[in-house]
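I have placed the structure first, in the form of C-alpha cells, so that the comments after it can refer back to it.
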Amino acid sequence: MGYNQAYNAYKSTNIRTASQGHLVVLLYEGAVRQLSIASDLFSADGKIKPPNIEKYNNCLQKAQAIITELQVSLDMEKGGEIAKNLMSLYIYFNNELMAANIGHDKQKVDFVLNMMSQLTDSWRQAANSTANAPATNMTSTLNIEG
C-alpha cells in the first residue's frame, strides 16, 4: 500500500469514527487550510499571478462549500441563539469570500481566515470538553458527504 493510499485510508477512518464535535473541527480546519492557501497565492504587490487564479478560485470555492456544509448542519431548534449567530456568520463569510473571489481581495480572505481560525480554536475546545460525554447527548445532524 502506497503512502497516499495509507493516508487516505487513515483520513477516511478518522472521519467515519469521529464524534460530531470532532467532525465540526475537521470542517473548520479544512476551511482554514483552503483560505491559507488562497491567501498565500497573493504576491508581495497584492496581486495574484495569472497562473494562480484558477487555484485561488478553487480554494475559495472549497472554503465556501465547507462553510455551507457547516451552515446546513446547524440545528436551529436546539441551537438557539448560538445557532442563529453562527448562521449569520456563515452567510457573511460566504458573501465576503464571493466578493474576494471576484475582486481578488486579500483583505477579505484574510479577515475570514482569521475569524475561521478563532472559531476553529473555540470548536476544538468545545469538542475536547464534550469528548467524554455520553453518546446520548450527541445528535447526528452533521453530514459531510457530498
Side-chain angles (χ1 to χ4, degrees), residues 4 7-133 135-146:
N4 285 338
Y7 177 72
N8 287 336
Y10 168 78
K11 215 165 58 170
S12 176
T13 300
N14 191 28
I15 290 170
R16 280 186 277 119
T17 61
S19 68
Q20 184 178 8
H22 185 66
L23 288 174
V24 171
V25 171
L26 290 173
L27 287 169
Y28 270 96
E29 288 173 346
V32 167
R33 187 172 35 261
Q34 293 302 319
L35 293 171
S36 293
I37 293 168
S39 180
D40 290 345
L41 291 172
F42 284 89
S43 59
D45 64 356
K47 306 276 188 210
I48 300 175
K49 293 181 180 163
N52 292 333
I53 291 174
E54 185 176 358
K55 185 173 184 179
Y56 173 78
N57 174 58
N58 290 339
C59 288
L60 291 187
Q61 285 185 348
K62 287 176 183 177
Q64 286 180 285
I66 292 168
I67 292 168
T68 299
E69 189 61 40
L70 288 165
Q71 188 177 344
V72 299
S73 71
L74 291 171
D75 187 335
M76 299 307 287
E77 289 178 23
K78 293 179 184 174
E81 195 65 31
I82 293 173
K84 289 177 188 174
N85 290 338
L86 284 171
M87 177 66 78
S88 295
L89 273 176
Y90 295 154
I91 291 168
Y92 178 71
F93 290 164
N94 270 336
N95 287 337
E96 288 293 284
L97 292 177
M98 184 174 21
N101 203 353
I102 293 168
H104 297 177
D105 189 332
K106 182 174 176 21
Q107 285 183 317
K108 288 185 184 296
V109 173
D110 288 344
F111 172 77
V112 176
L113 172 58
N114 180 43
M115 295 297 295
M116 290 295 289
S117 294
Q118 290 179 38
L119 286 167
T120 301
D121 292 339
S122 298
W123 275 105
R124 194 175 288 121
Q125 288 176 359
N128 288 339
S129 70
T130 60
N132 296 321
T136 56
N137 290 341
M138 302 290 185
T139 58
S140 58
T141 59
L142 185 63
N143 175 9
I144 64 167
E145 294 180 19

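Positions are given from 1, in the same order as the sequence printed here. Predicted model only: the values in this text are computed from it and were never measured.
- Put simply, the side chain of Ile48 does not reach to within 4.5 Å of the side chain of Lys55, judged on heavy atoms.
- In this structure, the side chains of Trp123 and Leu27 stay at 4.5 Å or more apart for every pair of heavy atoms.
- For the residue pair Met98 and Gln64, the shortest heavy atom distance occurs at N-NE2, 3.7 Å.
- Note: Arg124 CZ to Ser129 OG = 13.0 Å, rounded to the nearest 0.5 Å.
- Distance check, rounded to the nearest 0.5 Å: NZ of Lys84 to CE of Met76 gives 7.0 Å.
- Residues Lys62 and Arg33 fail the side-chain proximity criterion, which asks for heavy atoms closer than 4.5 Å.
- Note that CG of Leu113 and CD of Gln34 are 11.5 Å apart. Values are rounded to the nearest 0.5 Å.
- The two residues Ile66 and Gly30 have their closest heavy-atom pair at CD1-C, 3.6 Å.
- Of all the heavy atoms in Ala38 and Cys59, the pair that sits closest is CB-CB, 3.9 Å.
- Distance check: Glu29 CD to Thr120 OG1 gives 6.5 Å after rounding to the nearest 0.5 Å.
- If you take OH on Tyr28 and CG on Leu23, they are separated by 13.5 Å, rounding to the nearest 0.5 Å.
- Counting non-hydrogen atoms of neighbouring residues, nucleotides and ligands closer than 6.0 angstrom, the CD atom of Gln107 reaches no more than 12 such neighbours.
- The CG atom of Leu74 sits 5.5 Å away from the CG atom of Leu86 when rounded to the nearest 0.5 Å.
- Residues Leu119 and Phe93 form a side-chain contact, since some pair of their non-hydrogen atoms from C-beta on lies under 4.5 Å apart.
- Ring pair His104/Tyr56 is perpendicular by interplanar angle, where above 60° counts as perpendicular and below 30° as parallel.
- Between Asn94 and the choices Leu60, Leu89, Ile67, the side chain to side chain contact (heavy atoms under 4.5 Å, CB included) rule is met once, by Ile67.
- At distances below 3.5 Å, not a single donor-acceptor pair connects side-chain atoms of Glu96 with backbone N or O atoms of Lys108.
- Proximity of Leu97 to Leu35: side-chain heavy atoms (C-beta onward) are separated by under 4.5 Å at one or more points.
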